[in-house]
Amino acid sequence: MDFDREFLTGTVTVLILSLLSEREMYGYEILQEAERRSAREFQLKEGTLYPALHNLEQSGLLKAAWRAGESGPRRKYYSLTAKGRRHAQSKRRQFETLSALMRTILGGSNG
Amino acid sequence: MDERQLVTDLIEQIVRDARLPGRAAREQLREELQSHFAAVGSSPQTLRDAVRRFGDPSGLTQAFRYVYRWNYVVLYLLKIAVSVIVSAAVALVIQLLVNLRLEVQAEVWRLAPGFSKAAVISVGVVLGLVTAWEGVRRPFDARRAMVALVSYAVVWASVALWGGGAMGVFGPATVLVAIGYLCSRLGLRPRRLLLTFAAFASAIYGIHQIVNISVPPAQALVTSAVLLAVWASTVVILSQFDHAFGHLFCVSERGSI
């Protein structure tokens, strides 16, 4: 499913930080994991993911480490810093509260 | 086109245009993107789909530029500041060498009476030339040109507020830079230098006539030659800093004076 950009702005950060709070991942792995969990309904674009990862790394929320892949070139694995972990928790709480509120509001308008 | 070549071209375009600070950062981005495509698979259809999923490369490079914008801006401003300092220092050394006089009887070295004014006008020319260099840089950007002009005005306004003694140099320095810039648009280098030399000499003579100060034509020629040396050294310094900056960010923007 395609989503409007305005819906995605901000949620990409929550998504990346939440996935990385479970374990370290490389870029393609994050895309695959997001697709798998959404049963392929949500496709995070590479053009959005990589600048977002670099932005979070520049902001000190992520750190990166290069490791050898199973085959082929080295992979850049991203993981949360301590600051990133606090930020992830805060963002996730905000997102869940907002989602719950939106569901309540939209559900109310249907009834 | 071969799919692997398509992937290589896409990666190179992103790495080239993303304005990442330094060769190491660009190399890491290249490796990260290569590992992405290696993880995707190797069949032609898979690679084609993967390239399509990246979307418009220019949108992606704009996003990277936004991420690293402050590195770019800070180092750009640093480049300008350092090039002004180095150019002004070289200009002062040129004026120092030209104005140093040996008083034979006293056996001491002294600076000629006109040194301080000559030094100030040289620094003025350097400031004006840097402004023109950044303002008309190709590809032309009206916003950058405006920032350059406003910065130039602010520097001179600060000089006026501080003491004003050097403020009288603003007009002549600006006129000389305008003349030098116009001459740089004309002809090949040897002819251009001669033309700039003659135009500087005429302007120096003319400006002194306007303010009722008598300047012998020979002195106007000598002053012109010195200012041409200041001009040429500044152009060389600005070119070198541009080259280093372009190398750092993989950009091909160049001053065009």
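Naming: A, B, ... by sequence-line order, numbering from 1 per chain.
Side-chain contact between V230(B) and V90(B) is absent, with no heavy-atom pair separated by less than 4.5 Å.
Contacts of L31(A) with chain B are made by side-chain atoms alone, with heavy-atom separations under 4.5 Å and no backbone atom involved. Only the side chain of N71(B) comes within contact range of chain A, with at least one heavy atom under 4.5 Å from a heavy atom of that chain. Heavy-atom distances place no part of L56(A) under 4.5 Å from chain B, backbone and side chain included.
Taking 4.5 Å as the heavy-atom cut-off, the residues of residues 73-86 of chain A that approach chain B are P73(A), R74(A), R75(A), K76(A), Y78(A), ordered by number.
The ring-ring contact (aromatic ring centres under 6.0 Å, His included) contacts involving residues 16-41 of chain B comprise Y28(A)-H36(B), Y50(A)-H36(B), H36(B)-F54(B), F37(B)-F54(B), where partners must be two or more places apart or lie in separate chains.
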Could you give me the CA-CA distance, side-chain angles and deciding distance for V84(B) and V123(B), then say whether side chain to side chain contact (heavy atoms under 4.5 Å, CB included) is met? CA-CA 9 Å; V84(B) 166; V123(B) 173; over 6 Å; no
Working for salt bridge (charged side-chain N to carboxylate O under 4.0 Å, His left out), residues R52(B) and E46(A): CA-CA 10 Å; R52(B) 199 177 308 120; E46(A) 285 84 340; over 6 Å; no
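Put simply, of A39(B), A38(B), G59(B), A18(B), the one with the most heavy-atom pairs under 4.5 Å next to chain A is A39(B).
Under the 3.5 Å distance criterion, with hydrogens and angles disregarded, a donor-acceptor pair is assigned to the side chains of Q94(A) and S90(A). No hydrogens or angles considered: nothing links the side chains of Q32(A) and Y26(A) as a donor-acceptor pair under 3.5 Å.
Of the candidates E27(B), Q28(B), Q34(B), E27(B) is the only one forming a side chain to side chain donor-acceptor pair (under 3.5 Å) with R30(B).
Heavy-atom minimum distance, L228(B) versus L193(B): CD2-O, 3.7 Å.
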